[in-house]
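Here is the structure we will look at.
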Amino acid sequence: MSSDATTATTGAAAGAPVPALDGPAQEAPAHGIGASLSPADARAKTEGTFPYASDLWAEGLLWAAILRSPHPHARILSIDTTAAAEMPGVRAVVTHADVPGEPAYGRTVADRPVFASELVRHHGESIAAVAADHPDTARLAAAAIAVEYEILEPVTDPEKAFAAEPLHPDGNLIRHIPLRFGDEGATGEVVVEGLYRIGRQDPAPIGAEAGLAVPRPDGGVEIYTASTDPHTDRDLAAACFGLPPDQVKVVVTGVPGATGDREDPGFQIPLGLLALRTGCPVKLTATREESFLGHAHRHPTLLRYRHHADAEGRLVKVEAQILLDAGAYADASSESLAAAVSFACGPYVVPHAFVEGWAVRTNNPPSGHVRGEGAMQVCAAYEAQMDKLALKLGLDPAELRLRNVLATGDILPTGQTVTCPAPVAELLAAVRDFPLPALPLDTPEEDWLLPGGPEGAGEPGAVRRGVGYALGMVHMLGAEGADEVSTATVKVQDGVATVLCAAVETGSGFSTLARQIVQEILGLEEVHVASVDTDQPPAGPATHGRHTWVSGGAVERAAKMVRTQLLQPLAHKFGMSTELLQITDGKITSYDGILSMTVAEAMDGKELWATAQCRPHPTEPLDDSGQGDAFVGLAFCAVRAVVDVDIELGSVRVVEMAVAQDVGRILNPAQLNARIEAGITQGVGAALTENLRTARGLIRHPDLTGYALPTSLDAPDIRIVKLVEERDVVAPFGAKPASAVPVVTAPAAVASAVRAATGRPVNRLPIRAQAAVGVPNS
């Protein structure tokens, strides 16, 4: 896998020459904004010494195991824990009857029970938990719990959920959004329709869920886990424990990668209950199967579309129906549906739009936050529609898109004006004009280029190459009135700065960015970021790139306050304003050279600190017609995919992905490069292999043999051909979060390229082999 940057830099090493946007290469800074600063934990992770949650230990440790339902829908007639409790080494067994506080939890709706009591609503739902002195004992004890079920018919088709008996007291419909924009009677000269299905992608974290709960002398408990939203997890857990929040502490341990809120409290709450019951530390390390069964997945989605266009290919009206399968519980389905409905037309100007969106409960596995939720599903559908329009009109697919792209000042179908930079046309032109990769040679020495790899069964004569395009968009931060706020503290003593912020490092690079911000403002090279726990003020969840914006903004403001504290006495002493002083490489100098001293000399042993908050401008919920200023900002991406398809076997090889993205400002070139490459690769997985399959609600093969992740051999060449640095004036440093929008756009681009190669419609993700078998259009 490789990456190139022809307009802006990515992947440059610290101090290496950096291609400028305009002009010759410049020397990259060694630290601060614009440097390719390495993560502080990079060496520990590389050497295998980084402490993840599964590495935790405590004196007197017990081990936990959770009994999960083997059925997707059943009535619980009885639960007998006698045999489990009497096993040697077992210290506690807890069920729904042992939950002292709230029996259910949820980030938006408290509808998910800690332990199922009367009904089981999905395969893998928690029934009971055990603590024992050995992990094998705990698992054997959990298996010894006798549960009598009355098997019920599962509702697994989301279309049938509307008429089915309620699966939950709150009913089967979680949310309905009808979007109305423009004239419903408007029609176009050309009409295309399509039905699309998006599969169930799993976050598939490198490390499965793990944690340690330790009881406290005051009757509370401390939970050590890889949480991505520790304060919300604390509050949910405290409510279930029947404790005030100040008696529950969540300490964030090393997060082994996260693509959303994948650490479900359902792993943490049983741990805390067992620790409180036994008075001993209790540890849980989930197996890969338990991980697949326990956490939320991307919403499987059914989409129906009708596009109207004039004879020149300009869009007139888009009609769509979007149905999200939420699984058994609400989780983030309301938020995901809002994104899907709002972005149902894509980054295109559409004068008239009428969209119906629903999220419903079923007995399928729960759905929730996965990077680009809602936006990814609709992108695959509206881009397929654009390909159909181009074919019907006889237009080049890229040209059709260019005639319709969104720009700053245009209006979304939600009625919100696009005020942020939206260089969509520039992005599309960049990937369209980038040179195509060379064609493979039809020789035995080059058979590794065939779809299927070196040992593939294909023949060179059956391979067709296709080129496809996609444009994607995502919203940044929370939406629909979410109170986005983060707090940070910056302390400086003896020339060393420390950042305290409860923004969790999930692989997004926030901890590195925080160091760079402080280096930039205070001119200090040595900056440390403190570990995260709930004794610090909240910073919110690690979703939608919000820590780059909100937490980065809080760190920036706190650092500037410390800078003022440091410089004001000197400015007063020398009769000048603080604006005439600068800090560089740990030294304070004045504009005229009269003042020159180190930061350590200026502080004279004092400690300076400041705490600040960042809260972006407010948003509003969508109204009954799907209208409202629901989003703080937007990010855009263009991807051109080149694929080779064996039209006899249906195997697909992604040869190259050319990417252009608006990033606002490049804060860390290497880090940005890695985030985009990771997003593209995750998108390729969603396009070709990743689908957590179910049969009548039962997860089939919940392991990494049945769930196929793309490996390094599957990853294509990724060419980052343009990064547009048009700063968003309302964002700290003008930067936009970068990781979600490539995930959203890449699957649609791959599907578009497969259509071009085969002449087949490709209306399902991941792409099935039979959908890639065909003959190119003449």
Side-chain angles (χ1 to χ4, degrees), residues 53-54 56-68 79 81-82 84-107 110 112-117 125-135 137-139 141-142 144-145 209-227 229-253 263-286 290 294 533-535:
S54 57
L56 297 173
W57 191 262
E59 190 69 31
L61 182 72
L62 301 177
W63 295 83
I66 297 176
L67 174 67
R68 299 183 179 276
I79 303 175
T81 63
T82 305
E86 292 177 350
M87 290 181 66
V90 172
R91 299 287 295 275
V93 181
V94 293
T95 67
H96 66 90
D98 302 300
V99 180
E102 295 293 332
Y105 64 92
R107 294 184 184 276
R112 187 168 186 170
V114 177
F115 297 114
S117 57
E125 184 157 15
S126 300
I127 306 294
V130 175
D133 57 12
H134 192 278
T137 303
R139 293 191 179 100
I145 298 172
E209 289 78 0
L212 172 70
V214 180
R216 300 196 325 193
D218 64 356
V221 64
E222 293 184 359
I223 300 174
Y224 297 79
T225 187
S227 170
D229 187 5
H231 288 84
T232 298
D233 287 351
R234 176 201 64 186
D235 294 345
L236 294 176
C240 295
F241 299 157
L243 296 173
D246 61 5
Q247 282 193 273
V248 178
K249 180 178 179 179
V250 173
V251 180
V252 177
T253 57
E263 289 79 22
D264 192 279
F267 288 93
Q268 304 165 18
I269 295 173
L271 266 181
L273 289 172
L274 290 169
L276 290 168
R277 171 64 68 91
T278 62
C280 297
V282 182
K283 179 177 179 177
L284 171 68
T285 301
E290 289 174 319
D533 60 51
T534 50
D535 286 345

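Side-chain atoms are counted along with the backbone in the values below, which use heavy atoms only and exclude waters and symmetry mates. Because the structure is predicted, anything quoted here is derived from the model rather than measured.
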TODO: Tell me, please, which residues at least two apart from R91 pass side chain to side chain contact (heavy atoms under 4.5 Å, CB included).
DONE: L62, T278, C280
TODO: Starting at OG1 of T534, measure out to CG of D229 and round the result to the nearest 0.5 Å.
DONE: 11.0 Å
TODO: Of all the heavy-atom pairs spanning V99 and E102, show the shortest one and how long it is.
DONE: CG1-O, 3.5 Å
Task: Gap separating the CD1 atom of I79 from the OG1 atom of T95, nearest 0.5 angstrom - done: 5.5 Å
Open item on the list: Test of understanding: with side chain to side chain donor-acceptor pair (under 3.5 Å), list the residues that count as partners of R234, not counting sequence neighbours.
Closed with: none
TODO: Working to the nearest 0.5 Å, report the span between OG1 of T82 and CE of M87.
DONE: 13.0 Å
Open item on the list: Please report the interatomic distance CG(L284) to CD(E290), rounded to the nearest 0.5 Å.
Closed with: 6.5 Å
Please set out all donor-acceptor pairs under 3.5 angstrom arising from side-chain atoms of residues 237-248, sequence neighbours excluded.
unit_1 : atom_1 : unit_2 : atom_2 : d
Q247   : NE2    : D218   : O      : 2.7

- [ ] Would you give the length of the straight line joining atom CD1 of I66 to atom CG of L271, rounded to the nearest 0.5 angstrom?
- [x] 7.0 Å
Task: Closest non-hydrogen atom pair between V130 and A141, with its separation - done: CG1-CB, 3.7 Å
Task: Atom of I269, atom of Y105 and distance for their closest heavy-atom approach - done: CD1-CD2, 3.9 Å
TODO: Write down the atom of A226, the atom of A53, and the distance for their closest heavy-atom approach.
DONE: N-CB, 4.2 Å
Task: Atom of T225, atom of A210 and distance for their closest heavy-atom approach - done: OG1-O, 3.1 Å
Task: Non-neighbouring partners of D133 that pass side chain to side chain donor-acceptor pair (under 3.5 Å), sequence neighbours left out - done: none
Open item on the list: Donor-acceptor pair, distance only, cut-off 3.5 Å: does the side chain of S126 make one with the backbone of L67?
Closed with: no
Open item on the list: Looking at every non-hydrogen atom in both residues, tell me the closest pair between A116 and H96 and how far apart they are.
Closed with: O-CD2, 3.8 Å
Task: Pairing residues for T137 by the side chain to side chain donor-acceptor pair (under 3.5 Å) criterion, not counting sequence neighbours - done: none
TODO: Measure the shortest side-chain to side-chain distance between D233 and I223 over non-hydrogen atoms and say whether it is less than 4.5 angstrom.
DONE: no
- [ ] Report the distance from atom NE2 of H231 to atom CG of L236, rounding to the nearest 0.5 Å.
- [x] 13.0 Å
- [ ] May I have all residue pairs that pass salt bridge (charged side-chain N to carboxylate O under 4.0 Å, His left out) and include part of residues 265-282, sequence neighbours excluded?
- [x] D98-R277
TODO: Could you tell me whether the side chain of P265 reaches within less than 4.5 Å of the side chain of R107, counting heavy atoms only?
DONE: yes
TODO: Decide yes or no for P270 and V94: does some side-chain heavy atom of the first lie under 4.5 Å from some side-chain heavy atom of the second?
DONE: no
Open item on the list: Please check: side-chain N/O of K283 versus main-chain N/O of L61, any donor-acceptor pairing under 3.5 Å?
Closed with: no
Open item on the list: Are the side chains of V114 and L273 in contact, using a 4.5 Å heavy-atom criterion?
Closed with: yes
